[in-house]
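Beneath this line is the structure, given in structure tokens, with notes to follow.
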Protein chains: 2
Amino acid sequence: MREAGRIGVTELAGLTGASEMTIRRDLEVLADQGVLERYRGGARSLLLRGEEPPFALREQEGLDVKRRIAAEVSGLIADGESVVVDSGTTCLEVARVLEQRRLTVMPLSLHAVNALAGAPQVTLLVPGGQPRPGELALTGQLTTASLAALRFDTAVIGCCGLTAADGLTAYDLDDAAVKRAAIASARRVIAVAAAAKLSRTALAFVTPVAALHAVVTDDGAADEETDALAAAGVTVRKV
Amino acid sequence: MREAGRIGVTELAGLTGASEMTIRRDLEVLADQGVLERYRGGARSLLLRGEEPPFALREQEGLDVKRRIAAEVSGLIADGESVVVDSGTTCLEVARVLEQRRLTVMPLSLHAVNALAGAPQVTLLVPGGQPRPGELALTGQLTTASLAALRFDTAVIGCCGLTAADGLTAYDLDDAAVKRAAIASARRVIAVAAAAKLSRTALAFVTPVAALHAVVTDDGAADEETDALAAAGVTVRKV
DNA sequence: GCTTTCGAACATGTCAGATGTTCGTTATGG
DNA sequence: CCATAACGAACATCTGACATGTTCGAAAGC
């Protein structure tokens, strides 16, 4: 459906090998999530350009790349550090890796909070805030106030776009404010960004590239993008 | 084991009808939770007097009573109100009932946060803080600061002990501080307490009974206890 | 050294969730 | 207005995860 924009139930059943009833049931779930719209005989995508697909979909996508990035980030962090971990699916993988470490961690989404809630070695700090539906990213005055009250060794920040020219950008204005607060409260800032993010710019400006200390991306990143980042004084790691 | 303090594996197998292997496995889980200590041939309880059993056990106990109390509390709250809901198993049931309501809710434990995270009609406010292991009650400066920044219509407060003479008391000092902050931020305070709590006094003093507006308990509560509360000016409901 | 307990490994049972099938109902195009 | 295809409720079936039982070699305690 992502390729064609719309697709029929019978067609989907043929492609997947599942029965039409199962296709209908799955489409109903996705329609409830707001991903697509049903019409008689098929469904059409509701994802506009510039809009994020829902969390449940993004979480599965490129999981191996995210895990590699997360492992690299973990290697940049020393035992005993205090770390603030941003919202988003890549940062969720970072949180999952940090579960095994002896650290003080403040995650900025409830997904990551739950991932770390049982970790015996982690001192978990929960920020206040209003969780955005689906994403469960914590936002608002309570979140920025929680961040302003603390100082971290390292901030791990996700993004929707990252270029040398436009800096680090996000889709959501509230998220952007939280990211800024997290960056302001940390001595060192590590940005994580799958290769696709490096050629994009999203709506909300967060910070210029100069404020970042390191960027971890994957080996699919174009050299021209990473060279431009390096020229701005950022350490770039491709994994 | 609660009666005898210690018990043998063979004895437990005979009492329950389960195999010894199952008994061993279950005892291992409880030992990991810190409830008991294994020795060759049996196990002895590690629950000291005055100490709380772990969350997973308390959650199952008297579930029907807690649900009745929770339903009654929900009836005392009007649509559109802002409510702060305390930690603890009884308050978790309150949160589960409020999931269906149109309200602004700040839960004081991560269990309740998760219960409300998917509720479409609820405006969810997460307080900052450090979750206590198991309980996942949020505590500390961040929690009291989050509460101090807001004013609620109603606070639903749980307790470990509640008597007219000693007031509302809790086992944990940090919890007590959070409860006080919640009470200070609410116009109206509803205490929930299963009958057994009404004859008890725990370590940490929270507030005198006079600061409460209503107490919801169950029909197992002794009249002398509830009469004493009513004499202090509190509305008492037995369900 | 003997008996009892332990726990790893495998076999079995059980339950919830996903999937498939059937069939009466409903929407849409001609 | 009807014929046809799509729909979705109800039921049957499948499947995988988890709890339980069994066996047997190893370890602990007397």
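Sequence lines set the chain letters: A, B, ... in the order given, protein chains first and strands last, and positions in each chain run from 1.
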Could you work out which one of [options] sits closest to the side chain of [X]?
X        : options                  : value
Met21(B) : dA28(D), dC7(D), dT22(D) : dT22(D)
Arg25(B) : dT20(D), dG20(C), dC6(C) : dT20(D)
Arg40(A) : dC7(D), dG20(C), dA27(D) : dC7(D)

>> Check this one for me: any side-chain N or O of Arg24(B) less than 4.0 Å away from OP1 or OP2 of dG7(C)?
In response: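 For Arg24(B), the contact criterion (side-chain N or O under 4.0 Å from OP1 or OP2 of dG7(C)) is not met.
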> Is the distance from OP1 or OP2 of dT19(C) to the nearest side-chain N or O of Thr22(A) less than 4.0 Å?
Replying inline: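 False: Thr22(A) side-chain N/O out of range (4.0 Å or more) of dT19(C) OP1/OP2.
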Length of the [atom1]-[atom2] vector between [X] and [N], whole Å:
X        : N      : atom1 : atom2 : result
Glu20(B) : dG7(C) : CD    : P     : 12 Å
Asp32(A) : dG8(D) : CG    : P     : 11 Å
Leu12(A) : dA6(D) : CG    : C1'   : 15 Å
Ile23(B) : dC6(C) : CD1   : P     : 11 Å
Leu27(A) : dC7(D) : CG    : P     : 9 Å
Glu11(A) : dA5(D) : CD    : P     : 18 Å
Glu28(A) : dG8(D) : CD    : P     : 7 Å

Would you say the side-chain atoms of [X] and [Y] include a donor-acceptor pair closer than 3.5 Å?
X         : Y         : result
Ser74(A)  : Arg101(A) : yes
Thr154(B) : Glu81(B)  : yes
Ser146(A) : Thr143(A) : no

> Is there a donor-acceptor pair under 3.5 Å between the side chain of Asp174(B) and the backbone N or O of Gly140(B)?
Replying inline: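 No; judged by distance alone, with no hydrogens or angles, the pair does not exist.
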